Amino acid sequence: MSLNYLLKRLLATLLTLWLVSLVVFGITQVLPGNAAQMILGEFATPEALEALERRLGLDAPVWLQYARWAGGILVGDWGTSTGTSLPVFGQVVENLGRSMVLAGIALFVVTLLAVPLGVMAAVRRGGVVDASVSVFSYLGVSLPEFVTATLLVVFLARPEIGLFPAGGYAPLSAGLWPFLSHLILPVSALTLILMAHISRQTRSEMVDVLGAEFVRTATLKGLSRRQVLVKHALRNAMLPTVTVIALDVGYLIGGIVVVEEVFAFPGLGRLLLFAIQNRDLPLLQGAAVTMAGVYALANLAADLAYAWLDRRIQYE
Amino acid sequence: MARVGRILLRSPMGVIGGALLLLCLGLVLFGPALAPYDPTRFHPAERLQGPSGAFWMGTDQFGRDILSRVLAGARATILFGVIATALGTALGTTIGLASGFAGGRIDEVVMRFNDSLLAIPGLLKALLIVTVLGPSTTNAMLAVAIATAPSMARIARSVTLSVRARDYVAAAIARGEGAAFIMAREMLPNVIAPVIVESTIRVAFAIMTGATLSFLGMGAQPPASDWGLMIAEARNFMHRNPWMVVWPGLSIAMVAIAFNLFGDALRDALNPRSGHGR
């Protein structure tokens with residue numbers, strides 16, 4: 001991986017983040033009502049409103065408001081939530097941490113299960129594993145997360161079973177089982193759709209690679225089946241799969257909003273919905289920019305991992 | 001076209017997808033007419049029942065017939081996906097075509113901006129747009145359309161770049177035709193086919209995103225018979241009558257599977273090399 005490529009990708013990511021901040025700021029600008037209105041309510045006198053607007057800097061020109069807001073984002077001053085009166089930055093960081101735990105476990109479980117399944121399906125094409133992977137993956141990509149999540153609550157979190165709580169969150173300090181029991185159902189809901197994507201992708205790449213010349217050469221050279229599969233085929237099949245896993249972070253972010261809502265899990269997704277429902281503009285901006293930022297960084301990480309795995313890649 | 005049809009019928013994916021799609025079409029045309037009851041009528045004596053002879057799918061918390069509500073919701077759900085995707089495709093194709101045709105600095109700037117929109121996850125984009133527009137079915141449809149547009153613009157632009165290099169486009173420019181004429185009459189017919197194939201697969205995404213928005217209270221509003229909304233309303237009663245979640249959930253899955261299977265089969269049929277059942 002050349003330094004040049006690294007710099008170009010970093011610059012592209014920064015540009016993306018800047019444009020994303022423009023989009024998010026722009027969207028919240030066209031929303032009716034402003035923060036002052038939200039704080040004082042609809043019966044506020046025009047004088048009080050004007051005074052607060054001046055104090056919050058809302059009477060400044062739009063470009064100056066953007067500059068102040070973006071500058072604040074950079075130095076960790078993300079404003080104060082109008083709904084909870086707490087600093088936005090602290091809330092976002094706290095909820096992001098919990099969402100990361102959820103997403104991280106989901107991605108780990110998915111990769112652990114989906115990659116071997118995809119390989120098995122590709123090696124025995126038309127076999128039982130292959131057939132179940134393709135049927136299962138159509139089900140997986142066709143069930144929205146809110147349906148799977150709600151079905152999981154209906155059937156596994158029934159009060160009479162009492163195995164899993166229907167929602168909420170317990171920190172690790174509350175004990176290992178309370179911590180895990182709150183995570184198992186949300187992780188399962190997130191896993192289903194991602195399993196489908198990643199196992200399908202691994203299978204289709206493995207099928208391509210297994211038909212390639214170099215795999216035949218490796219087999220003819222007398223390498224064991226295992227060596228051929230793992231050392232030659234899988235390594236090459238993983239290249240596009242890494243990209244798909246990164247793209248899946250995008251799905252994961254959408255999925256997490258829904259799954260956190262269903263399981264009342266206090267993560268970033270639920271914070272975003274809270275901000276939307278309460279028209280809490282500073283919180284909405286902070287949560288949305290963070291989500292988009294996480295996605296942009298995931299894409300950057302995937303591109304760099306891809307370039308590292310395949311040293312031949314050059315930018316453009 | 002006949003060749004594509006034959007290839008479609010040869011793959012099991014195409015056959016199952018096509019059959020399910022016909023079923024969907026039947027539901028769009030006749031669904032509401034088939035409903036045994038008025039989907040909004042209360043049967044207070046028969047609340048929260050499981051499937052029975054009188055109520056094949058059971059009843060909800062007001063004693064409304066779930067089967068009637070599922071049938072009534074089919075048209076809205078399927079048309080939502082198709083219209084939202086069509087709008088998004090039209091918008092994206094226009095942007096991609098114009099940007100690819102203009103080329104140079106303009107293309108560079110438009111596509112950079114487009115990429116940054118792509119860098120916002122789909123559901124987040126749709127949520128932000130509905131927040132601006134306000135929750136309703138029409139606004140959710142517009143939000144999904146706008147959220148779909150950037151990826152369609154990417155595809156349309158890449159096809160446009162290859163079409164732009166053809167001789168007949170150079171000939172049209174030499175003849176002194178206007179840019180709008182060249183784009184609409186000379187290039188669009190050659191750009192549209194791959195774009196439409198791609199958009200078939202997006203219908204499932206549009207339907208699922210629409211249902212998700214309704215579930216989150218940002219789309220269809222009560223008392224609409226919307227599948228996502230039905231599941232949202234069922235949440236307080238789901239342990240007493242799980243069927244309230246099961247039926248609309250299965251319906252969404254069925255429709256999404258239909259479009260996913262058919263879209264994949266269509267892509268394979270038109271481009272045999274991209275096969276492997278992706």
Side-chain angles (χ1 to χ4, degrees), chain A residues 12-13 15-20 22-24 27-28 30-32 122 134 138-139 141-148 150-151 153-155 157-160 166 200-201 203-205 207-208 249-255 257-258 261-262 269 272-273 275-277 279 284 288 291-292 295-296 299, chain B residues 13 16-17 112-113 115-132 134-135 204-205 207-212 214-218 227-228 231-232 234-235 238-239 242-246 248-250 252-261 264 274-278:
Chain A
T13 305
L15 185 65
T16 301
L17 285 175
W18 176 62
L19 285 171
V20 161
L22 276 183
V23 170
V24 169
I27 282 179
T28 48
V30 295
L31 277 176
S134 50
Y138 270 102
L139 273 178
V141 293
S142 304
L143 273 170
E145 292 90 350
F146 78 91
V147 176
T148 30
T150 313
L151 286 174
V153 176
V154 168
F155 292 110
R158 297 187 76 83
E160 57 267 34
R200 256 170 113 183
Q201 179 70 24
R203 175 193 177 278
S204 115
E205 295 307 331
V207 167
D208 277 351
V249 172
Y251 284 97
L252 197 57
I253 289 172
V257 173
V258 174
E261 171 65 17
V262 173
L272 179 83
L273 288 177
I276 289 177
Q277 277 148 13
R279 297 249 151 178
L284 177 57
M291 281 188 172
Y295 187 39
N299 278 330
Chain B
M13 279 197 327
I16 301 174
R112 265 280 156 241
F113 194 72
D115 281 355
S116 73
L117 287 179
L118 272 177
I120 305 178
L123 182 68
L124 178 60
K125 229 174 341 198
L127 266 177
L128 291 176
I129 299 168
V130 188
T131 308
V132 172
F205 164 79
I207 288 175
M208 287 163 59
T209 311
T212 304
S214 290
F215 175 78
L216 295 174
M218 310 292 287
W227 294 345
I231 296 181
R235 284 175 69 198
M238 61 194 175
H239 289 303
W243 297 106
M244 285 173 70
V245 176
V246 171
L250 283 179
I252 295 171
M254 197 270 296
V255 174
I257 287 176
F259 280 99
N260 273 330
L261 278 175
D264 280 352
S274 82
H276 314 308
R278 276 193 193 187

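So that the names make sense, note that chain A is the first sequence line, chain B the second, and so on, each numbered from 1. The structure displayed is predicted, hence computed values, not measured ones.
Heavy atoms closer than 4.5 Å to chain B are found nowhere in V249(A), neither backbone nor side chain. Contact annotation for L272(A): only side-chain heavy atoms (C-beta onward) come within less than 4.5 Å of a heavy atom of chain B. Contacts of M254(B) with chain A are absent, with no heavy-atom separation under 4.5 Å from either backbone or side chain. When heavy atoms are compared at a cutoff of 4.5 Å, L252(A) does not approach chain B at all. At a 4.5 Å heavy-atom cutoff, the contact between L284(A) and chain B is made by side-chain atoms alone. Contact of L117(B) with chain A is made through the side chain alone, with heavy-atom distances under 4.5 Å. The part of V257(A) that comes within reach of chain B is its side chain, from C-beta onward, which places non-hydrogen atoms under 4.5 angstrom from that chain. Contacts of A211(B) with chain A are made by both backbone and side-chain atoms, with heavy-atom separations under 4.5 Å. Using a 4.5 Å cut-off between heavy atoms, V154(A) touches chain B through backbone and side chain atoms alike. Both the backbone and the side chain of V246(B) come within contact range of chain A, with heavy atoms under 4.5 Å apart.
Rounding to the nearest 0.5 Å gives a distance of 6.5 Å between OH of Y138(A) and CG of N260(B). The line from CD of E145(A) to CG of L123(B) is 8.0 Å long, rounded to the nearest 0.5 Å.
For the pair R235(B) (side chain) and V245(B) (backbone), a donor-acceptor distance under 3.5 Å is absent.
When each of I231(B), I120(B), V130(B), I129(B) is checked for heavy-atom pairs under 4.5 Å with chain A, I231(B) comes out on top.
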Handout entry: Residues L143(A), I252(B); criterion side-chain contact (heavy atoms from CB on, under 4.5 Å); working and verdict
Key = CA-CA 7 Å; L143(A) 273 170; I252(B) 295 171; over 6 Å; no
Exercise for the section: Might you work through the side-chain contact (heavy atoms from CB on, under 4.5 Å) test for M208(B) and F146(A), ending with a clear yes or no? Expected result: CA-CA 10 Å; M208(B) 287 163 59; F146(A) 78 91; over 6 Å; no
Handout entry: Evaluation steps, side-chain contact (heavy atoms from CB on, under 4.5 Å), between F215(B) and V262(A)
Key = CA-CA 10 Å; F215(B) 175 78; V262(A) 173; 3.6 Å; yes
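Between L124(B) and Y295(A) the shortest side-chain heavy-atom distance does not fall below 4.5 Å. With a 4.5 Å cut-off on side-chain heavy atoms, D115(B) and L15(A) do not count as touching.
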